[in-house]
A.B. asks: 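Before I ask anything, here is the structure I am working with.
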Amino acid sequence: MKRRFTLALAASAALVAAIAVPAQAQQPKLKVGFMLPYTGTFAALGVAIENGFRLYVQEQGGKLGGRELEFVKVDDESEPAKAVDNVNKLIKRDNVDVIVGTVHSGVVMAMARAARDSGTMLIVPNAGAAAVTGPMCAPNIFRSSFSNWQPGYAAGVVAGERGHKNVVTITWKYAAGDETVQGFKDGIAAKGGKVVKELTLPFPNVEFQALLTEIAASKPDAVYAFFAGGGAVKFVKDWAAAGLGKIPLYGPGFLTDGTLEAQGEAAQGLFTTLHYADDLSNARDKSFRLGYAKAYKLQPDVYAVQGYDAAQLLAAGLTATKGDFSKKEPLYTAMAKAKIDSPRGAFTLGKGNNPVQDIYLRKVDGKTNKVVGVAVKGLADPSTGCKM
């Protein structure tokens, strides 16, 4: 009789324990789709973003807000013509809850439209297209990186403060190039300078020689250049080979981020502006760099930081809802109001869910983008046209 009572008591206790298990422990895995470039000019950038995102998840024991994750991947090839089909694979075929991507501003436009139409959460870990946090802004669209305007504006301020009055710009002719040049023009105009010539070539063309000859003939006070990945490597090498080193060269940090090993001596002394640098002294960055190097046997760059912070941003929402992704309003509110303890330094989100952050002035020294100082503190994007 005593044994029966003991067994009954144990069964009752097990039933109570089962009932007491938190709801989120029984939820299915949250499906996260990476739509990033894994081939082509920006392939290394896509890999770094995914690595950074996964590192943060690993640091949290494989869960965000108590919710387990499942990952699926699509290579967007940095090809705008394929963007609609690629994003629809994630939304309609794979039924993802969250999309993380991408690098190319032309590709992200299709992703933002799809996110608005379907209500799928989109976290942009790089592409700085103004429209995403401007006219196309939405409560379910977030950015963990920058707008194209922000580092361009900061570079313009620096160039103007250094007395450069007549500047030539050279970029790829697509959204990111146009918008970073606009930022630069706004920044240098604020300090009394101006852009006298805008040179462009189609993405991903890297035949720079004719334009470099034109720059030499123009004899500008300085040049502002926007290229990234393999294009940045070739541009910086061609610039040095053309003997243009006496002309001050500025750029957003992508000109020298993740590219210094390949650029070698040609990059030494270049000034760039960005929301991250290789030698920040904050404890968060030191921990991040150590963890990244241990996990991937590589040194992290700004792309890894942006992926890491995309995961932090998602975690802020899931923590607020205890892992319940269906509670969209509190989820989005928590993300929009989050203060992210980033390796770049703490940042918040402003209008359009775009980061409000310090933009650093960096100088290439060896294989490091060393901090010279803060070019512009707490810089917010204008987010023109956002009616959210």
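For reference, positions follow the sequence shown, starting with 1.
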A.B. asks: Under 30°, 30 to 60°, or over 60°: which ring-plane class applies to Trp172 and Phe42, parallel, tilted or perpendicular?
C.D. replies: perpendicular

A.B. asks: I'd like to know whether Asp257 forms a side chain to side chain contact (heavy atoms under 4.5 Å, CB included) with Arg362, so could you lay out the CA-CA distance, the side-chain angles of the two residues, the decisive distance to 0.1 Å, and finally the verdict.
C.D. replies: CA-CA 11 Å; Asp257 242 73; Arg362 307 111 47 87; 2.8 Å; yes

A.B. asks: Would you give the length of the straight line joining atom CG of Leu201 to atom CZ of Phe203, rounded to the nearest 0.5 angstrom?
C.D. replies: 10.5 Å

A.B. asks: Under a 3.5 Å distance rule, please check whether Thr120 uses its side chain to pair with a backbone N or O of Ala115 as donor and acceptor.
C.D. replies: no

A.B. asks: Using modelled atom types only, decide if a donor and an acceptor are shared between the side chain of Arg67 and the backbone of Pro28 within a distance under 3.5 Å.
C.D. replies: yes

A.B. asks: Given the ring of Phe288, does Arg344 sit roughly above its face, with NZ or CZ under 6.0 Å from the centre of the six-membered ring and within 45° of the axis?
C.D. replies: no

A.B. asks: Please test Thr180 against Asn148 for side-chain hydrogen bond (donor to acceptor under 3.5 Å, both in side chains), starting from the C-alpha separation and ending with a verdict.
C.D. replies: CA-CA 5 Å; Thr180 192; Asn148 293 320; over 6 Å; no

A.B. asks: Determine yes or no for a side-chain-to-main-chain donor-acceptor pair under 3.5 angstrom, with Arg284 supplying the side chain and Asp341 the backbone.
C.D. replies: yes

A.B. asks: Quick one: are Leu379 and Asp358 in side-chain contact, heavy atoms under 4.5 Å?
C.D. replies: no

A.B. asks: Between Ile141 and Asn353, is there a side-chain heavy-atom distance shorter than 4.5 Å?
C.D. replies: no

A.B. asks: For residues Val236 and Thr259, determine if any side-chain heavy atom of one lies less than 4.5 Å from a side-chain heavy atom of the other.
C.D. replies: no

A.B. asks: Compare every heavy atom of Leu260 with every heavy atom of Ala267, then report the nearest pair and how far apart it is.
C.D. replies: CB-CD2, 3.8 Å

A.B. asks: Where do Pro355 and Ser145 come nearest, in terms of heavy atoms and distance?
C.D. replies: CG-O, 3.7 Å

A.B. asks: Under 6.0 Å between ring centres, would you say that holds for Phe227 and Phe208?
C.D. replies: yes

A.B. asks: NZ of Lys327: more than 12 outside heavy atoms within 6.0 angstrom?
C.D. replies: no

A.B. asks: Please answer whether the main-chain N or O of Ala283 pairs with a side-chain N or O of Ser287 as donor and acceptor at a distance below 3.5 Å.
C.D. replies: no

A.B. asks: Between Val196 and Ile188, is there a shared hydrophobic cluster once you connect ILVMFWY residues whose side-chain heavy atoms come closer than 4.5 Å?
C.D. replies: no

A.B. asks: Side chains of Gln182 and Asp178: donor-acceptor distance under 3.5 Å anywhere?
C.D. replies: no

A.B. asks: Rounded to the nearest 0.5 Å, what separation is found between the OG1 atom of Thr256 and the CG atom of Asn369?
C.D. replies: 3.5 Å

A.B. asks: Evaluate the side-chain proximity of Tyr292 to Asn51: yes if any heavy-atom separation is below 4.5 Å, no if none is.
C.D. replies: yes

A.B. asks: Could you go through the side chain to side chain contact (heavy atoms under 4.5 Å, CB included) check for Arg93 and Val74 one step at a time?
C.D. replies: CA-CA 12 Å; Arg93 181 193 68 185; Val74 166; 4.2 Å; yes

A.B. asks: In the structure I gave you, are the side-chain heavy atoms of Val223 and Thr169 within less than 4.5 Å of one another anywhere?
C.D. replies: no

A.B. asks: If you count heavy atoms of other groups shown closer than 6.0 angstrom to NZ of Lys328, is the number above 12?
C.D. replies: yes

A.B. asks: State whether the side chain of Asp279 and the backbone N or O of Val371 hold a donor-acceptor pair below 3.5 Å, judged by distance alone.
C.D. replies: yes

A.B. asks: Indicate whether the side chain of Ser147 and that of Asp381 have a donor and an acceptor atom separated by less than 3.5 Å.
C.D. replies: yes

A.B. asks: My understanding is that only one of Phe53, Tyr296, Tyr56 makes a ring-ring contact (aromatic ring centres under 6.0 Å, His included) with Tyr308; could you say which?
C.D. replies: Tyr56

A.B. asks: To the closest 0.5 Å, what do you measure between CD1 (Ile123) and CD1 (Ile49)?
C.D. replies: 12.5 Å

A.B. asks: Could you give me the CA-CA distance, side-chain angles and deciding distance for Val32 and Val96, then say whether side chain to side chain contact (heavy atoms under 4.5 Å, CB included) is met?
C.D. replies: CA-CA 6 Å; Val32 176; Val96 299; over 6 Å; no

A.B. asks: Take the angle between the ring planes of Phe254 and Phe146 and call it parallel below 30°, perpendicular above 60°, tilted in between.
C.D. replies: tilted

A.B. asks: Rounded at 0.5 Å granularity, tell me how far NZ in Lys351 sits from OG1 in Thr133.
C.D. replies: 10.5 Å

A.B. asks: Taking Gln268 for its side chain and Glu265 for its backbone only, find out whether a donor-acceptor pair lies under 3.5 Å.
C.D. replies: no

A.B. asks: So how far is it from Leu255 CG to Leu249 CG, rounded to the nearest 0.5 Å?
C.D. replies: 6.0 Å

A.B. asks: Please answer whether the main-chain N or O of Gln209 pairs with a side-chain N or O of Thr213 as donor and acceptor at a distance below 3.5 Å.
C.D. replies: yes

A.B. asks: Assess the pair Tyr250 and Tyr224: is the distance between their ring centroids shorter than 6.0 Å?
C.D. replies: no

A.B. asks: When you check the side-chain N and O atoms of Ser383 and Asn354, is any donor under 3.5 Å from an acceptor?
C.D. replies: no

A.B. asks: Any donor-acceptor pair under 3.5 Å linking the side-chain atoms of Asn86 with those of Glu77?
C.D. replies: no

A.B. asks: What's the separation between atom CG in Leu314 and atom CG in Asp97, rounded to the nearest 0.5 Å?
C.D. replies: 9.5 Å

A.B. asks: Might you work through the side chain to side chain contact (heavy atoms under 4.5 Å, CB included) test for Asn126 and Thr102, ending with a clear yes or no?
C.D. replies: CA-CA 6 Å; Asn126 190 73; Thr102 187; over 6 Å; no

A.B. asks: Would a hydrophobic clustering, with Ile, Leu, Val, Met, Phe, Trp and Tyr connected at side-chain separations under 4.5 Å, put Val305 with Leu64?
C.D. replies: yes

A.B. asks: Can you name the nearest heavy-atom pair linking Ala129 to Val108, along with the distance?
C.D. replies: CB-CG1, 3.8 Å

A.B. asks: Indicate, with yes or no, if Ile91 and Phe325 share a hydrophobic cluster defined by side-chain heavy-atom contacts under 4.5 Å among Ile, Leu, Val, Met, Phe, Trp and Tyr.
C.D. replies: no

A.B. asks: Is it the case that the side chains of Tyr174 and Glu179 hold a donor-acceptor pair, with the cut-off being a distance below 3.5 Å and no angle test?
C.D. replies: no

A.B. asks: Linking I/L/V/M/F/W/Y whenever any side-chain heavy atoms sit under 4.5 Å apart, do Val100 and Ile340 land together?
C.D. replies: yes

A.B. asks: Hey, does the side chain of Lys237 reach the backbone of Ala262 with a donor-acceptor pair shorter than 3.5 angstrom?
C.D. replies: yes

A.B. asks: Report yes if the side chains of Phe71 and Phe34 come closer than 4.5 Å at any heavy-atom pair, otherwise no.
C.D. replies: yes

A.B. asks: Report the C-alpha distance between Asp76 and Lys82 in whole Å, list the side-chain angles of each, state the deciding distance to 0.1 Å, and finish with yes or no for salt bridge (charged side-chain N to carboxylate O under 4.0 Å, His left out).
C.D. replies: CA-CA 7 Å; Asp76 69 29; Lys82 299 179 181 179; over 6 Å; no

A.B. asks: Looking just at side-chain N and O atoms, do Thr368 and Asp278 make a donor-acceptor pair shorter than 3.5 Å?
C.D. replies: no

A.B. asks: Report yes or no: do Tyr153 and Thr273 form a side-chain donor-acceptor pair below 3.5 Å?
C.D. replies: no

A.B. asks: Are Val124 and Phe142 close enough that some pair of their side-chain heavy atoms sits under 4.5 Å apart?
C.D. replies: no

A.B. asks: If only atom types and distance count, is the side chain of Gln357 paired as donor or acceptor with the main-chain N or O of Tyr276 below 3.5 Å?
C.D. replies: no

A.B. asks: May I ask whether Leu45 and Phe235 are part of the same hydrophobic cluster, defined by side-chain heavy atoms of I, L, V, M, F, W, Y residues being less than 4.5 angstrom apart, directly or through others?
C.D. replies: yes

A.B. asks: Indicate the atoms forming the closest heavy-atom contact of Met109 with Ala131, along with that distance.
C.D. replies: CE-CB, 3.6 Å

A.B. asks: Taking all non-hydrogen atoms of both residues into account, name the closest pair between Gly183 and Trp149 and its distance.
C.D. replies: CA-CD1, 3.4 Å

A.B. asks: Would you please say whether a donor-acceptor pair under 3.5 Å links the side chains of Gln306 and His275?
C.D. replies: yes

A.B. asks: In the structure I gave you, are the side-chain heavy atoms of Met35 and Val107 within less than 4.5 Å of one another anywhere?
C.D. replies: yes

A.B. asks: Can you tell me if Thr348 and Lys339 form a side-chain donor-acceptor pair at under 3.5 Å?
C.D. replies: no

A.B. asks: Quick one: does Arg289's side chain have a donor or acceptor within less than 3.5 Å of a partner on Gln299's backbone?
C.D. replies: no

